[in-house]
There are 2 protein chains.
Amino acid sequence: MKPATLKEIAATLGLSISTVSKALKDYPDVSNKTKKLVKELAETLNYRPNAFAVNLRTKESKTIGLVIPEVVHHFFSSVIKGIISEAEDKGYLVIILQSNESFELEKKQIELLANKQVDGILISLANGTYDFSHIKAVMNQGIPLVMFDKIAKIVDCSKVIIDDQKAAFDATQHLIDTGCKRIAHFRGPLTPQNSIDRFLGYKKALLHNQIPYDPSLVYILDSMSFEEGQHFTKELLKDHDDIDGIFINTDLVAIGSITELNKRNIKIPEQISIIGFSNWFMSSVISPSLSTVNQPGYLMGKKSFKLLYKEIKKRKEGKKINYKNIELKTDIILRDSTKKL
Amino acid sequence: MKPATLKEIAATLGLSISTVSKALKDYPDVSNKTKKLVKELAETLNYRPNAFAVNLRTKESKTIGLVIPEVVHHFFSSVIKGIISEAEDKGYLVIILQSNESFELEKKQIELLANKQVDGILISLANGTYDFSHIKAVMNQGIPLVMFDKIAKIVDCSKVIIDDQKAAFDATQHLIDTGCKRIAHFRGPLTPQNSIDRFLGYKKALLHNQIPYDPSLVYILDSMSFEEGQHFTKELLKDHDDIDGIFINTDLVAIGSITELNKRNIKIPEQISIIGFSNWFMSSVISPSLSTVNQPGYLMGKKSFKLLYKEIKKRKEGKKINYKNIELKTDIILRDSTKKL
DNA sequence: CTGAAAGCGCTTACAG
DNA sequence: CTGAAAGCGCTTACAG
């Protein structure tokens with residue numbers, strides 16, 4: 001019932017605590033006979049080292065923190081899965097906190113994790129985050145930190161991202177290649193780097209094809225929800241009757257848009273083509289199915305943890321950490337919401 | 001950079017460590033003057049108690065473990081969100097592990113959490129779990145544990161569930177009320193309690209309406225995936241040409257089924273009505289939209305943590321823990337995959 | 001009102 | 001090859 005301690009094992013065998021500790025950890029300077037004795041008793045007593053004591057001594061908890069804007073989200077839950085599977089592999093556990101896209105909450109979560117003395121932090125920034133002193137603060141405390149997906153260019157740390165600009169360029173280019181001439185864009189809020197980059201990719205593609213950029217075709221969304229997809233589609237149809245394509249920042253919004261267009265019997269892709277971003281599972285089952293950019297969430301989770309793990313190790317060895325930028329490949333999934341080439 | 005300790009504060013102020021500790025915790029037997037002095041210095045030094053030392057002394061980590069079959073799953077991610085929000089509220093952090101529906105992995109995760117000395121465990125069982133000695137083992141170690149959603153009736157502990165049998169009965173009854181006479185059932189594996197209960201509810205509804213129970217109409221699925229939904233729909237159509245309704249254990253499978261029926265131009269609900277289970281977001285946007293049982297994931301997460309929290313507190317106070325069963329209400333969401341009443 | 005002391009359970013440099 | 005000792009940073013019962 002109550003867990004055994006080194007002290008008890010030592011007392012039972014008439015050995016010192018030090019010897020027992022060293023025997024269990026296979027130190028070379030303990031006799032094989034003693035090792036065998038100790039290990040056997042430890043086994044029968046079901047000895048487990050007290051994690052709290054080990055943490056205090058070794059100053060590490062083998063635990064990392066993860067701060068994510070929203071857990072109920074296909075992309076992010078894939079990332080979470082990648083992180084915890086890779087972490088487990090390396091003997092680390094993962095504490096998850098959710099920022100709800102709020103800057104204030106994000107600051108609080110980071111603080112909680114720092115107080116908890118996690119060995120490292122993985123974070124995808126909230127949309128509301130416009131200042132990064134909380135990030136710099138934990139890094140200054142010596143806690144390794146890696147950003148993924150929603151990053152801040154301005155912060156000097158390791159990052160795992162996709163090339164949002166290129167992916168957005170490709171998506172928009174595909175609309176153009178399949179004949180669209182008046183292409184709207186539903187973008188995310190103004191601060192997050194990835195919504196900026198996707199917008200820039202969109203704009204670049206237009207210019208690249210000598211299509212004039214018209215700011216009135218760009219709608220700035222806030223919550224990136226299904227409802228916003230419906231709402232802004234209505235707005236768009238009200239404002240412009242000549243639209244033949246929309247590049248939409250995220251699939252959930254695109255699905256809202258498709259729903260609205262279906263309701264109005266506007267033919268997709270004949271009248272309006274739609275391309276989304278993220279490749280949610282859902283996108284393959286609505287009708288028409290949604291062409292989109294595939295974002296490798298699981299892989300991003302794995303890579304992010306691996307990078308963090310390396311930094312944790314380097315830090316322990318007292319070595320200098322060189323920040324790295326990993327950019328993952330995306331690809332375009334062609335389905336029925338865009339015309340065939 | 002390096003965090004301040006009590007020792008440093010004590011040395012700076014010429015006080016003892018004990019007094020500093022007590023001053024920070026507002027012990028009544030410390031003078032206000034001293035308290036003020038200590039608190040001010042702690043503030044300027046940005047003092048944070050060393051979590052590892054506190055854990056070791058207090059024998060608690062203010063951390064709980066969560067073992068879940070699959071993170072990338074609308075229902076479970078809602079549960080996760082409910083748990084971490086409630087936990088945060090009470091000053092607890094949550095470590096998440098995923099069993100991948102595997103018994104072996106689940107055992108390993110439980111072991112990891114026990115070794116980590118979490119203050120409590122929340123678990124939804126893997127489909128593969130047929131033996132519960134690992135659960136009993138951690139409970140015997142004195143770690144409070146609460147099961148939710150996928151539980152084992154046989155294990156004596158607190159549980160948060162829905163009334164799967166009643167929900168399944170209601171879903172099947174709705175098919176019958178809207179005119180279905182030959183109703184198939186796609187069920188989950190044989191061991192999980194909720195797939196058993198949903199099957200029993202289905203059967204009960206048939207008998208209640210004098211519809212003979214035909215075992216050949218019940219298909220046992222394994223992975224509960226979209227692909228299985230397509231596959232078993234094909235099988236069903238091959239085996240039986242007189243089906244007019246299907247009650248499907250989970251929405252994802254139902255969506256696979258709808259996709260297959262759509263492909264074959266079988267009219268839903270005119271020729272075959274479909275009702276699912278769980279109310280994934282996706283179910284509202286496919287066409288036809290899916291009638292289903294709404295399962296309150298977020299609430300289930302909140303309630304589960306609350307229950308665990310009470311047990312952790314009771315245990316700390318040395319009080320006896322009385323296991324509780326909480327049953328949450330479900331309701332049927334009527335959409336377009338079933339006929340109107 | 002303040003402090004010395006014990007102790008949580010472990011690790012590891014050092015002595016013998 | 002084994003053990004005594006120091007120490008991680010804190011909490012708390014006890015003494016003064």
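Below, chain A is the first sequence line, B the second, and so on; all start at residue 1.
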I'd like to know if A/Ser18 reaches the base of D/dA4 with its side chain such that a donor and an acceptor end up less than 3.5 angstrom apart.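 Side chain to base: pair present.
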Under 3.5 Å, is there an N or O donor on one side and an acceptor on the other linking the side chain of A/Lys22 and the base of D/dG3?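 Looking at the base of D/dG3, it does pair with a donor or acceptor on the side chain of A/Lys22 (distance under 3.5 Å).
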Test: [X] and [Y] ion pair at under 4.0 Å:
X: B/Asp119; Y: B/Lys62; value: no
X: B/Glu104; Y: B/Lys107; value: yes
X: B/Lys159; Y: B/Asp149; value: no

Would you mind classifying the nucleic acid contact of [X] as base, sugar-phosphate or nothing, using non-hydrogen atoms under 4.0 angstrom?
X: B/Thr58; answer: nothing
X: B/Asp29; answer: base
X: A/Thr5; answer: sugar-phosphate
X: B/Lys59; answer: sugar-phosphate
X: B/Thr19; answer: base
X: B/Ile17; answer: base
X: A/Ser21; answer: base
X: B/Tyr27; answer: sugar-phosphate

Taking the nucleotide of DNA chain D with the nearest heavy atom to each, does B/Lys25 or B/Leu56 sit closer to the 5' end?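 Residue closer to the 5' terminus by nearest nucleotide: B/Leu56.
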Rounded to whole angstrom units, what separation is found between the CG atom of A/Leu6 and the C1' atom of C/dT11?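 Result: 9 Å.
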Distance, rounded to the nearest Å, where B/Asn50 contributes CG and D/dC10 contributes C1':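 Rounded to the whole Å, the gap is 8 Å.
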For [X] and [N], is the shortest distance between a side-chain N/O and OP1 or OP2 below 4.0 Å?
X: A/Ser31; N: D/dC1; value: no
X: B/Tyr47; N: D/dC10; value: yes
X: A/Thr34; N: D/dT2; value: yes

Between side-chain atoms of residues 300-311 of chain A and protein atoms elsewhere (two or more places apart, or another chain), which donor-acceptor pairs fall under 3.5 Å?
unit_1	atom_1	unit_2	atom_2	d
A/Lys302	NZ	A/Glu86	OE1	3.1
A/Ser304	OG	A/Met300	O	2.6
A/Glu311	OE2	A/Ser158	OG	2.5

So which nucleotide does C/dA13 pair with, by the Watson-Crick or G-U wobble rule with both distances under 3.5 Å?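 C/dA13 is paired with nothing.
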If C/dA4 has a Watson-Crick or G-U wobble mate with both distances under 3.5 Å, name it; if not, just say none.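 Check on C/dA4: unpaired, no WC or wobble geometry under 3.5 Å.
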Suppose we call two aromatic rings close when their centres sit under 6.0 Å apart. Are B/Phe52 and A/Phe52 close by that rule?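 No, they do not, as the ring centres are separated by 6.0 Å or more.
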